[in-house]
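Contents: one structure, followed by commentary.
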Protein chains: 2
Amino acid sequence: MRTDRDASRGAGFPPDRRADDRLGDVRIPEATVARLATYLRVCGTLGERGLSTVSSEELAVAAGVNSAKLRKDLSYLGSYGIRGVGYDLATLTEQIARTLGVSVHRSVVLIGLGNLGLALANYGGFGSRGFRIRALIDADPYRVGTTVCGLFVRDIAELDQVVAEENITIAIVTTPASVAQDVCDRVVAAGITSILNFAPVVLAVPSSVDVRKVDLAAELQILSFHESRKSAAVGAGLR
Amino acid sequence: MRTDRDASRGAGFPPDRRADDRLGDVRIPEATVARLATYLRVCGTLGERGLSTVSSEELAVAAGVNSAKLRKDLSYLGSYGIRGVGYDLATLTEQIARTLGVSVHRSVVLIGLGNLGLALANYGGFGSRGFRIRALIDADPYRVGTTVCGLFVRDIAELDQVVAEENITIAIVTTPASVAQDVCDRVVAAGITSILNFAPVVLAVPSSVDVRKVDLAAELQILSFHESRKSAAVGAGLR
DNA sequence: TAGATTGTTAATCGATTAACAATC
DNA sequence: TAGATTGTTAATCGATTAACAATC
């Protein structure tokens, strides 16, 4: 569907990307990007089971979405399906990985080695999905200099150096809430442009930096809301 | 704005809730529910700083959202602001907590005591936000019977009993992906109606059960996507 | 009263999905 | 060719937000 808005942009307004930018010439909706990560994981699982081709219906069921949505999502990447047949798993996997920018591994720095930080440092699931934790940073002088998962724990003062040396663009922040904004400021100053924040605070960053937040208590509260509605429905006589 | 659809529903179609169900008579959008959790946390922070009243503008800035959106979100709870003045923090906090169903603590069972499970069991941030982990369950016979954070680690065979005894409705699943669906089936059979899933699998559940998924690698992949676009922009001559 | 701020309206924007022409 | 499945259209649904009347 081509709207008047599209037409006016094509005619005069600056496009989001240059037309010759092959990787980035199609704007992909945020909701689609989030689902691509799921599709990529499911493709991996199906590939391990020996499948070489999947239909949009099979993939949609495995990913827990509607097949029309899945096809629309995949259509943003280009036309990699074969009508009457389905999608070649290897090709599809490669294209999704390329779109997400995880065809090559990305380097990550993890800051704050409390319970959660240590658990993430030890988590084995990042490597297979495109990420390597290349540096660990903590404020506790007793922890700095020790080795965790084969990596030296460094002081925050070494952040700039480590980010440059290891070509790091993504930081995982698992510090206490009280220091998270300060750590965030240093991380941004060091040149990091993406932050995954586990501290329960809203981080202020320049618009050039992306922040995603994981708030575990908030997730539980959302579930709690629906629990309330379930019991309210019972209370209202719907038993 | 009252649309034809609303009118036709009011006229004939069954409403989502009974009109006399005071807690649940207004349908609150999912996007709003998710933000209410943030507002609740921010209200707590502002309250600790000694504030007793906030304007929508102040609260919006602290929560990182547009103030019109915040007012619209709060309007679903009822009319708790005072024009020309703002919102009373104590009242607002209470109303949001009530809406989210966390005015009283909810009991949670945590299943799977690997790195992440142990970290969550030790995490102190749940208590202040309305949740108590009341039971720990693991499959490893060497771990069953030990004490973690003052709780006995139990076998999955005891799930039904523990859920009933402790009045648990929410489960946190931090098992390996390979057993997550099996654990999920048992959890549902035990009467749990909300699941927070950290295993990187799509869980199949009855429609009466809510599942929220936290996929850390997927979060990084979303950040990676935007990183790709940033460097593509540079590559396309926008340096 | 004058200034401030809420609650609501209505326009706009973005996401979802059934349906089907295109095509393997 | 006949059956199957993609890629796309267009309708619908849901979320966002500027603007402002209501009102403290």
Side-chain angles (χ1 to χ4, degrees), chain A residues 1-9 13 16 26-36 38-39 43 51-89 91-92 95-96 99 222, chain B residues 1-9 13 16 26-36 38-39 43 51-89 91-92 95-96 99 222:
Chain A
M1 175 174 51
R2 192 166 170 80
T3 67
D4 288 348
R5 214 175 327 111
D6 293 328
S8 69
R9 281 183 59 172
F13 289 79
D16 288 347
V26 179
R27 202 200 145 268
I28 302 185
E30 271 303 304
T32 294
V33 173
R35 285 189 297 266
L36 286 179
T38 301
Y39 303 155
C43 283
L51 278 179
S52 64
T53 301
V54 274
S55 69
S56 63
E57 183 60 32
E58 291 167 325
L59 195 52
V61 168
V65 302
N66 170 306
S67 70
K69 188 192 282 182
L70 179 128
R71 286 198 300 279
K72 186 130 184 69
D73 284 341
L74 295 185
S75 75
Y76 292 110
L77 313 193
S79 211
Y80 296 109
I82 304 166
R83 286 165 202 246
V85 178
Y87 298 86
D88 177 72
L89 253 185
T91 307
L92 187 60
Q95 291 304 330
I96 298 177
T99 302
I222 295 166
Chain B
M1 175 174 50
R2 191 164 170 83
T3 67
D4 288 349
R5 212 176 325 111
D6 292 329
S8 67
R9 282 184 58 173
F13 289 78
D16 288 345
V26 179
R27 202 200 144 269
I28 302 185
E30 271 304 302
T32 295
V33 173
R35 284 190 295 267
L36 287 178
T38 302
Y39 302 155
C43 282
L51 277 181
S52 64
T53 300
V54 274
S55 68
S56 62
E57 183 60 31
E58 291 167 325
L59 195 52
V61 167
V65 303
N66 171 306
S67 70
K69 188 193 283 183
L70 179 129
R71 287 198 300 278
K72 186 130 184 72
D73 284 341
L74 295 185
S75 75
Y76 291 111
L77 314 192
S79 211
Y80 296 109
I82 304 165
R83 287 166 203 244
V85 179
Y87 298 86
D88 177 73
L89 254 184
T91 307
L92 187 59
Q95 291 304 330
I96 298 177
T99 303
I222 294 166

Item to check | B/S55 side chain near C/dT5 phosphate (N/O to OP1/OP2, under 4.0 Å) | outcome: no
Item to check | Side chain of A/S75 (C-beta onward), nearest among D/dC20, D/dC24, D/dT8 | outcome: D/dT8
Checklist entry - In Å and rounded to the nearest 0.5 Å, what is the CD1 to CD distance from B/I222 to A/E30? => result 7.5 Å
Item to check | Sugar-phosphate, base or nothing in reach of A/E57, heavy atoms under 4.0 Å | outcome: nothing
Next on the checklist: For B/L77 and B/L36: C-alpha separation, side-chain torsions, deciding distance, then whether side-chain contact (heavy atoms from CB on, under 4.5 Å) applies.
Outcome noted: CA-CA 10 Å; B/L77 314 192; B/L36 287 178; 4.0 Å; yes
Item to check | Residues B/Y76, B/T99; criterion side-chain contact (heavy atoms from CB on, under 4.5 Å); working and verdict | outcome: CA-CA 10 Å; B/Y76 291 111; B/T99 303; over 6 Å; no
Item to check | Nearest-angstrom distance from the residue atom CD of A/E58 to P of D/dA4 | outcome: 13 Å
Item to check | A/R71 vs A/Y87, side-chain contact (heavy atoms from CB on, under 4.5 Å): CA-CA, chis, key distance, verdict | outcome: CA-CA 10 Å; A/R71 286 198 300 279; A/Y87 298 86; 3.8 Å; yes
Next on the checklist: In whole Å, I'd like the distance from the CG atom of A/L70 to the P atom of C/dA18.
Outcome noted: 14 Å
Next on the checklist: On the nucleotide D/dT5, are OP1 or OP2 found under 4.0 Å from the side-chain N or O atoms that A/S56 carries?
Outcome noted: no
Item to check | Counter-base of C/dA11, judged by Watson-Crick or G-U geometry with both distances under 3.5 Å | outcome: D/dT16
Checklist outcome for this item: Testing C/dT6, D/dA19, D/dA15 for proximity to the side chain of B/A68, the answer is D/dA19
Checklist entry - What nucleotide, of D/dT5, C/dT17, C/dA19, holds the atom closest to the side chain of A/R71? => result C/dA19
Checklist entry - Rounded to whole angstrom units, what separation is found between the CG atom of B/L59 and the P atom of C/dA4? => result 20 Å
Item to check | Whole-Å distance separating the NZ atom of B/K72 from the P atom of C/dT12 | outcome: 17 Å
Checklist entry - How many Å lie between CG on B/D73 and P on D/dT17, as a whole number? => result 11 Å
Checklist entry - Could you give the NZ-to-C1' distance, from A/K69 to D/dT9, as a whole number of Å? => result 18 Å
Checklist entry - Given A/T53 and A/I82, is the side-chain contact (heavy atoms from CB on, under 4.5 Å) satisfied, shown in steps? => result CA-CA 10 Å; A/T53 301; A/I82 304 166; over 6 Å; no
Checklist entry - Rounding to a whole Å, what distance do you find between A/R83:CZ and C/dT23:C1'? => result 5 Å
Next on the checklist: Among C/dC24, D/dG7, C/dT5, which nucleotide has an atom closest to any side-chain atom of A/I82?
Outcome noted: C/dC24
Item to check | Base-pairing mate for D/dT6 - Watson-Crick or G-U, with both contacts under 3.5 Å | outcome: C/dA21
Item to check | Whole-Å distance separating the CD atom of B/E30 from the C1' atom of C/dT16 | outcome: 15 Å
Next on the checklist: Using OP1 and OP2 only, check whether a side-chain N or O of A/Y76 sits under 4.0 Å from D/dT8.
Outcome noted: no
Next on the checklist: Quick check on C/dT16: is either OP1 or OP2 less than 4.0 Å from any side-chain nitrogen or oxygen of A/R35?
Outcome noted: yes
